[in-house]
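What follows is a set of notes on a single structure, which appears directly below.
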Amino acid sequence: MSLAWHILHFLIRIAMGIAFSIGLTSPRQVTSGFFRIHLWVVMGIAVLAALVAWSLGSDSPTTIPRTISGFSVLLAVTSYLAASCWIYEAHRTGRLLTVLATLLATLLVVGTAGGPNHLGFHLSLADWPRILGSLSAGLLVGSTTTAMLLGHWYLNAPGMKLQPLRRLLLLVMLAIVLRAMVCGGGLVESLLTDPAQPARWWIFISFRWLAGIAGTLLLTVMAWMTLRIPNTQSATGILYTATVLAMLGELASQLLSDTLPYHL
């Protein structure tokens, strides 16, 4: 799979996870600026994904990359409209558009889960491990990133309650457990198929699990405990590191799972 495809997958997974996490955040406990600014972040990611997909379309004999680019543009427009609603405190409409943005991003993740040879939405039961893997990857990276962004937002609005951040940290822990189950099944399958893996493979798989799973979980628990003080600034610093580890772990997972029908 080409580097451009890896970039495209990574971008749409992050967009899905961030949009989903924003949708779970209560507007009664978090100021509107958080939703507005970070829906713009989703919009920017969607625009970049559209450009990557469009560039792939010039080298592809099919129209599927252009279709993905079109859906990415639609996601960008929806995110922009949702952000605009938060400017005018139209909470209900903003939340509805955020849900729509999440559904569009999920559709993009599912449509590209099979890789460049199985694009589009003509998917079979054989593709479900990669679909589940892509969705769990997006949830992990997106929820970790959103938790970090929300923690940073407390610097702008220090009077906010801590419950929304704690809720996102619980979502991150749930995403890590789900991701560990999905990739753990793939790891067992890979070892049963070929137990004589090269040393380089073991180095990457060790980094993937120690950093992307165990390290991210440890830092999330540390952030949770830091909120008991409470100290949102320190928790945000910890979440910065957790976000980096989660992204590096998922990038390693993409490379390891490049030619496999499941995720590692």
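Here, residue 1 is the first one in the sequence, and each next residue gets the next number. Note that these values count all heavy atoms, side chains included, but never hydrogens, waters or copies made by symmetry.
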Legend entry - Audit row: Tyr80, Leu97, side-chain contact (heavy atoms from CB on, under 4.5 Å) steps and yes/no: CA-CA 9 Å; Tyr80 174 78; Leu97 288 172; over 6 Å; no

Inset, instruction - Check the hydrophobic clustering (I, L, V, M, F, W, Y; side-chain heavy atoms under 4.5 Å; chains of links allowed) and say if Leu24 and Val41 are grouped together. - result: yes

Legend entry - Close side-chain approach of Trp86 and Arg95, heavy atoms under 4.5 Å: yes

Inset, instruction - Treat each ILVMFWY residue as a node, draw an edge where side-chain heavy atoms are under 4.5 Å apart, and state whether Leu107 and Val99 are in one component. - result: no

Legend entry - Residue pair Arg13 / Leu140, side-chain heavy-atom distance below 4.5 Å: no

Legend entry - Distance (rounded to the nearest 0.5 Å) between Ile12 CD1 and Leu104 CG: 12.0 Å

Legend entry - Closest non-hydrogen atom pair between Leu139 and Met16, with its separation: N-CE, 3.6 Å

Inset, instruction - Look only at the side chain of Thr78 and the backbone of Leu74, and say whether a donor-acceptor pair between them is shorter than 3.5 Å. - result: yes

Legend entry - Approximate separation, where rounding is to 0.5 Å, of Leu239 CG and Thr216 OG1: 10.5 Å

Legend entry - Which atom of Ser79 lies closest to which atom of Ala101, heavy atoms considered: OG-CB, 4.0 Å

Inset, instruction - Spell out, yes or no, whether Leu248 and Phe10 are grouped together once hydrophobic residues are joined by side-chain heavy atoms under 4.5 Å, including indirect joins. - result: no

Inset, instruction - Tell me, yes or no, whether the heavy-atom count around Gln233 atom CD, taken from other residues, nucleotides or ligands under 6.0 Å, exceeds 12. - result: no

Legend entry - ILVMFWY cluster, Leu255 and Ile14 together (side-chain gap under 4.5 Å): no

Legend entry - Arg92 and Cys85: CA distance, side-chain angles, deciding distance, side-chain contact (heavy atoms from CB on, under 4.5 Å) verdict: CA-CA 9 Å; Arg92 180 174 298 179; Cys85 290; over 6 Å; no

Legend entry - Flag side-chain contact, heavy atom, 4.5 Å: Leu11 against Ile7: yes

Legend entry - Single-linkage hydrophobic cluster, 4.5 Å side-chain cutoff, Val30 and Leu171 together: yes

Legend entry - Heavy-atom side-chain contact between Thr243 and Met247 under 4.5 Å: yes

Legend entry - Considering all heavy atoms, the nearest Trp202-Ser206 contact: O-OG, 2.7 Å

Inset, instruction - Examine distances only and state if a side-chain atom of Ser143 and a backbone atom of Ser21 form a donor-acceptor pair shorter than 3.5 Å. - result: no

Legend entry - Main-chain N/O of Thr112 paired to Arg130 side chain as donor or acceptor, under 3.5 Å: no

Inset, instruction - Using atom types as modelled and distance alone, determine if a side-chain donor or acceptor of Tyr154 lies under 3.5 Å from a backbone N or O of Gly159. - result: no

Legend entry - Sub-4.5 Å side-chain heavy-atom contact between Asp258 and His6: yes

Inset, instruction - Please check if any side-chain donor atom of His263 sits under 3.5 Å from a side-chain acceptor atom of Arg179, or the reverse. - result: yes

Legend entry - Nearest atoms (heavy-atom pairs only) where Cys183 meets Arg208: SG-NH2, 3.5 Å

Inset, instruction - Identify the heavy atoms of Arg166 and Trp224 that sit nearest to each other, and give their distance. - result: O-CZ3, 3.3 Å

Inset, instruction - Determine whether Ile18 and Ile45 make a side-chain contact, defined as any pair of heavy atoms from C-beta on separated by less than 4.5 Å. - result: yes

Inset, instruction - Verify whether one side chain among Thr31 and Trp153 offers a donor that lies under 3.5 Å from an acceptor in the other. - result: yes

Legend entry - Tyr262 OH: over 12 foreign heavy atoms closer than 6.0 Å: yes

Legend entry - Distance-minimising heavy-atom pair for Leu227 and Thr232: CD2-CG2, 4.1 Å

Legend entry - Non-hydrogen side-chain atoms of Leu264 and Phe204 separated by less than 4.5 Å: no

Inset, instruction - Would you give the length of the straight line joining atom CG of Leu170 to atom CD of Gln163, rounded to the nearest 0.5 angstrom? - result: 10.0 Å

Inset, instruction - Please round to the nearest 0.5 Å and tell me the distance separating atom CG of Leu162 and atom CG of Leu150. - result: 9.5 Å

Legend entry - Val182 side chain near Leu178 side chain, heavy-atom distance below 4.5 Å: yes

Inset, instruction - Report the distance from atom OG1 of Thr25 to atom CZ of Arg167, rounding to the nearest 0.5 Å. - result: 7.5 Å

Inset, instruction - Working to the nearest 0.5 Å, report the span between OG of Ser234 and CE of Met225. - result: 13.5 Å

